[in-house]
There are 2 protein chains.
Amino acid sequence: MNSVDQISLMRELSLETPSKIVMIVLDGLGGLPSPETGRTELESAAVPNLNALAAKCVCGLSDPVMPGITPGSGPGHLGLFGYDPLKFIIGRGILEALGIDFELEEGDVAARVNLCTLDDNGVIVDRRAGRINTEKSQQIAALLNNIEIDGVQVLVEPVKDHRLVAVFRGGGLSDALSDSDPQRTGSRPLAVFPSQSSANRTASIVNRFLETAAEIISDFHPANGLLLRGFSKKPSFLSFKEVYKLNACAIAGYPMYRGLAKVVGMTVLKSGTSLSGQLEILKANYRQFDFFFFHIKATDAAGEDGNFQRKVSAIEEFDRCLPLITELNPEVILVTGDHSTPAMMGSHSWHPVPVMVSGRYCRPDTVREFNETACCQGGLGRLPAYHLMPLVMANALKLGKYGA
Amino acid sequence: MNSVDQISLMRELSLETPSKIVMIVLDGLGGLPSPETGRTELESAAVPNLNALAAKCVCGLSDPVMPGITPGSGPGHLGLFGYDPLKFIIGRGILEALGIDFELEEGDVAARVNLCTLDDNGVIVDRRAGRINTEKSQQIAALLNNIEIDGVQVLVEPVKDHRLVAVFRGGGLSDALSDSDPQRTGSRPLAVFPSQSSANRTASIVNRFLETAAEIISDFHPANGLLLRGFSKKPSFLSFKEVYKLNACAIAGYPMYRGLAKVVGMTVLKSGTSLSGQLEILKANYRQFDFFFFHIKATDAAGEDGNFQRKVSAIEEFDRCLPLITELNPEVILVTGDHSTPAMMGSHSWHPVPVMVSGRYCRPDTVREFNETACCQGGLGRLPAYHLMPLVMANALKLGKYGA
């Protein structure tokens, strides 16, 4: 017997209403205690406004994917958007393209490219070409860009350091392809193989591109080779409009998050990377939308750099701005992160993320502070992140009853 | 759309590293309050070492299968090993064989046997043959052992009281067979039927064995009949090595737990049933392995006997030994049970089990004591037992990131 999945359930129950939802994502919000103070970044920050909101609303801890799993930005955000990240998967090539604001078209096949170093026998000796700098790789990308093979255009754009993205554009392409990247040194780059017969033509085009490209860059030691992996098409997930009947927009300063918002059909608003700029955009567009994905990158960036104090400051900066959001009086405000990025680990982690849902109809709990320890006692308990969307929809009175 | 299941996810993300994990399973750990004191067995025990560990680490409550479900030892342990016990199932016959350290071979089909009492018309009047003692049933098992039918050897071994196990060994056997045990008195033992045509030959062999065996024991009133159920083959689960890349061992005094560890491919170390003996084995083998399943039976045995005080003492005995484990400095220690066995019920129960995960990267909570009530406030919240393996793997830094 099949179970009703959450997306179908939302599609069936969601109602179009004028109420507004603001989803605030402090990227990498969750942390770990500083060994000196025993307090996490959030527990060390002065956050009077977050605490005041926590005291009025319902709090908890959220698992981005499931206990123990450290998510990348893709799964982290899909979960927040209500798409179970173990079911809805975005390929590596597409994620790289989203990460540089590449305008993907229907049918495009994208792949992640590593520039690499080959020896005289064509054997890989460094999979990252000595991590050559972005300026160099921009020059190489320009040489490889716009090659045409059998009517298929190959667009190559730099990402960062040795990383590029290649997008194959033309009719009837398939992404059912194996990687050319053997993921280790000591062997030659591989030919690409189709995993279905419908991908035969694409495989042959990709292999001809690889030959042509290899010749072009053969003298550019240490970046004299290239490795492709993660061939993928833009996924065709049901959009926010179709699932939730929401007219949703994204206010995000960085391309990856704008790209992820686009995948679920949000309107992406032009926004700089400054918090004050993002807040102005929110205010200016407040009447036109009923769902706002508001993404703050500074918390994660500080955590990734292992900079505890800078993460504390980023949280405090947001706290000072919070009243500018609450005074808009949205029916529901959600504050959380897409995953934890403890400064003491300097990377994403598996730890659950504090979350609070504020609104007229939430059932307040005893939590009076917004942080990892206090949220353990919250009324939301511990829940998978992909359950948060149904929860905010309900709190905005945007969901009908299930069953009679 | 298909979801990535946890075993596949672990297989994809797990990393081989030198860090070590000790999983301590106090069988039947969870309890219920004594009516006199209002405190559970664990809350009544003096456990300074468990409490000290709890104060430094993250605690919670774990459901062996799901809320309300009382597990046997099989599902209880499969959950702890990270195999969802609602998806991974071990047949009854195989469990009985594991329970007596029977050396199963590839292709063996095992069944649980009840000796029973038949009247003069061959009708079952007692499904347990008056619960005849083990000594008697050993004699009967010896008479039935090593019968050969059509090239298939039938091995019969005593388990306890009226219970035996029968193992059919020979090429091409199937376990797609119905029971001969009608599970009620007042009817005759049934013939065994194949549920697939590929089991036709096995069914005929089993039925011929049943006839031969019935004749042999027909004079041994009250054990003058036998009933077979739970025909099963050893399941072919992916091993700990394949799933987690762990070199795992089991230190367990009782055959059932050694058998369950074997099913997931752990190396079973020779170990007595005394705690001090088990600890010596742990210490002696500490360098050779990176995962240690350390099983303590005394807590469950006392609970099953309804002996509250003996369960308290068993917990206290373990607490005194805990420093011998912590001083080995494993990167991660997990302490929990495979299910609850409240002394006041004298049986396994459905109540969730206290759990704590200790390690450098755990996020401590406010819990300062290790027991059922205190763990309600823990940072792990309440989670299914099969999520504990991803969690300890993460804490040992043995899992890569999911998605980019």
Side-chain angles (χ1 to χ4, degrees), chain A residues 5 7 30-33 35 38 40 60-61 63-78 83-96 98-99 112 230 235 237 256 339-340 342 344-345 347-352 372-378 380-383, chain B residues 1-10 12-15 21 55-62 82 84 244 332 334 355 357 359-367 374-404:
Chain A
D5 68 86
I7 294 290
L32 281 175
T40 67
L61 289 172
D63 283 296
V65 178
M66 69 176 210
I69 303 303
T70 298
S73 300
H77 278 82
L78 284 184
Y83 300 75
D84 180 351
L86 291 174
K87 289 188 189 154
F88 294 84
I89 290 159
I90 303 181
R92 183 66 195 233
I94 290 295
L95 264 179
E96 293 289 344
L98 297 178
R112 153 78 176 265
F237 302 160
M256 174 66 83
H339 53 76
S340 294
M344 72 164 272
M345 295 183 74
S347 66
H348 292 198
S349 80
W350 62 89
H351 301 88
E372 294 85 346
T373 307
C375 283
C376 283
Q377 312 303 318
L380 293 179
R382 183 166 172 170
L383 77 176
Chain B
M1 199 173 305
N2 280 325
S3 179
V4 178
D5 67 88
Q6 183 176 307
I7 294 289
S8 309
L9 189 63
M10 287 298 101
E12 177 192 333
L13 301 182
S14 57
L15 306 168
I21 300 169
K56 288 191 296 185
C57 78
V58 63
C59 297
L61 289 172
S62 146
D84 180 351
Y244 303 113
V332 176
L334 172 90
V355 55
V357 177
R360 182 172 167 199
Y361 299 103
C362 73
R363 184 194 282 158
D365 50 30
T366 58
V367 176
C375 284
C376 285
Q377 312 300 318
L380 293 178
R382 184 166 169 168
L383 77 175
Y386 77 94
H387 285 171
L388 291 171
M389 272 303 297
L391 202 60
V392 295
M393 289 287 290
N395 274 278
L397 303 186
K398 285 181 188 290
L399 287 184
K401 188 160 68 172
Y402 174 62

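The sequence lines fix the lettering, A, B, ..., with proteins before strands; numbering per chain opens at 1. Just so we're clear, the structure is a prediction, and the values are computed from it rather than from any experiment.
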Any heavy-atom pair between the side chains of [Y] and [X] that's under 4.5 Å?
| X | Y | answer |
| --- | --- | --- |
| B/Leu397 | A/Met345 | yes |
| A/Ile69 | B/Met393 | no |
| B/Leu13 | A/Thr70 | no |

Need one label for A/Ser340: side chain, backbone, both or neither, based on atoms under 4.5 Å from any heavy atom in chain B.
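When you check distances to chain B, only side chain atoms of A/Ser340 fall under 4.5 Å.
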
Residue selection (most heavy-atom pairs with chain B, distance under 4.5 Å) from [options]:
| options | result |
| --- | --- |
| A/Gly60, A/Pro71, A/Pro342 | A/Pro71 |
| A/Gly76, A/Ser349, A/Gly72 | A/Gly72 |
| A/His348, A/His339, A/Met66, A/Met344 | A/Met66 |
| A/Arg92, A/Glu96, A/Met256, A/Arg112 | A/Arg92 |

side-chain contact (heavy atoms from CB on, under 4.5 Å) between A/Asp63 and B/Leu383: does it pass, once the steps are laid out?
CA-CA 11 Å; A/Asp63 283 296; B/Leu383 77 175; over 6 Å; no

Locate the shortest heavy-atom distance separating [X] from [Y]; write the atom from each residue and the value.
| X | Y | result |
| --- | --- | --- |
| A/Pro75 | B/Tyr402 | CG-O, 3.3 Å |
| A/Leu61 | B/Gly379 | CD1-O, 3.9 Å |
| B/Pro390 | A/Pro67 | CB-O, 3.5 Å |
| A/His351 | B/Tyr361 | NE2-O, 2.6 Å |

Can you say whether [X] sits under 4.5 Å from chain A via the side chain, the backbone, both, or neither, judging by heavy atoms?
| X | answer |
| --- | --- |
| B/Cys376 | neither |
| B/Met389 | neither |
| B/Asp5 | neither |
| B/Leu388 | neither |

Find the distance between CH2 (A/Trp350) and CG (B/Asn395) and round it off to the nearest 0.5 Å.
5.0 Å

Could you tell me the separation between the CZ atom of B/Arg363 and the OG1 atom of A/Thr40, rounded to the nearest 0.5 Å?
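That separation rounds to 7.0 Å.
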
Would you say A/Gln377's side chain and B/Gln377's backbone share a donor-acceptor pair under 3.5 angstrom?
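Yes, because the side chain of A/Gln377 sits within donor-acceptor range (under 3.5 Å) of the backbone of B/Gln377.
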
Heavy-atom pairs under 4.5 Å with chain A: which of B/Gly381, B/Cys362, B/Ala394 has the most?
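Option with the greatest count: B/Ala394.
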
